[in-house]
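Numbers here simply count residues along the sequence, with the first being 1. Note that this is a predicted model, so its numbers are computed, not measured.
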Amino acid sequence: MNATHQYLFDAARAARLGDPPPPAPGTHDLAVLRAARDRRRFARVLAGRPARGGLRTALSRAVLFGAALFGASRSGPSRTALSRTALSRTAPSRTAPSRTAPAPCRRPAD
């Protein structure tokens with residue numbers, strides 16, 4: 001039984017008893033979310049922390065933590081660092097030719 005079924009049973013019972021019908025499911029969802037947000041802000045004020053900005057701070061902390069896992073700087077992982085990480089997981093590692101070594105000769109020797 002889901003919330004709609006329960007609502008229909010309660011509405012039928014209320015109509016039979018002459019009571020007002022219950023609110024439809026989802027009617028007070030926004031009010032509940034606002035009350036939870038206000039309670040969380042109030043608790044932050046009582047604890048001596050700023051009332052706003054907790055979510056943004058937590059998200060930035062998570063981004064910095066994720067960047068630290070990839071070994072990138074504080075500004076975030078670079079595109080090349082991410083592509084190297086993604087390539088190392090999917091393709092076998094290939095070593096780049098050395099810049100100081102001479103290029104191999106492709107012509108046959110005389």
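Sorted by first and then second residue, the side-chain hydrogen bond (donor to acceptor under 3.5 Å, both in side chains) pairs with a member in residues 10-28 read Gln6-Asp10, Asp10-Arg13; sequence neighbours excluded. Contacts classified as salt bridge (Lys or Arg N to Asp or Glu O under 4.0 Å) and involving residues 23-32 (residues at least two apart or in different chains) are not found.
In plain terms, the two heavy atoms of Ala14 and Pro21 that are nearest each other are CB-CA, 4.1 Å. Between Tyr7 and Pro25 the shortest heavy-atom distance is CG-CD, 3.7 Å.
When the side chain to side chain contact (heavy atoms under 4.5 Å, CB included) test is applied to Arg39, the partners found at least two apart in sequence or on another chain are Phe42. With sequence neighbours excluded, the residues forming a side chain to side chain contact (heavy atoms under 4.5 Å, CB included) with Asn2 are Thr4, His5, listed by chain and number.
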List, one per line, each side-chain donor-acceptor pair under 3.5 Å for residues 43-50, sequence neighbours excluded.
| from | atom 1 | to | atom 2 | distance (Å) |
| --- | --- | --- | --- | --- |
| Arg44 | NE | Pro50 | O | 2.8 |
| Arg44 | NH2 | Pro50 | O | 3.3 |

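In the hydrophobic clustering, Val32 connects to no other residue, as no ILVMFWY side-chain heavy atoms lie under 4.5 Å from its own.
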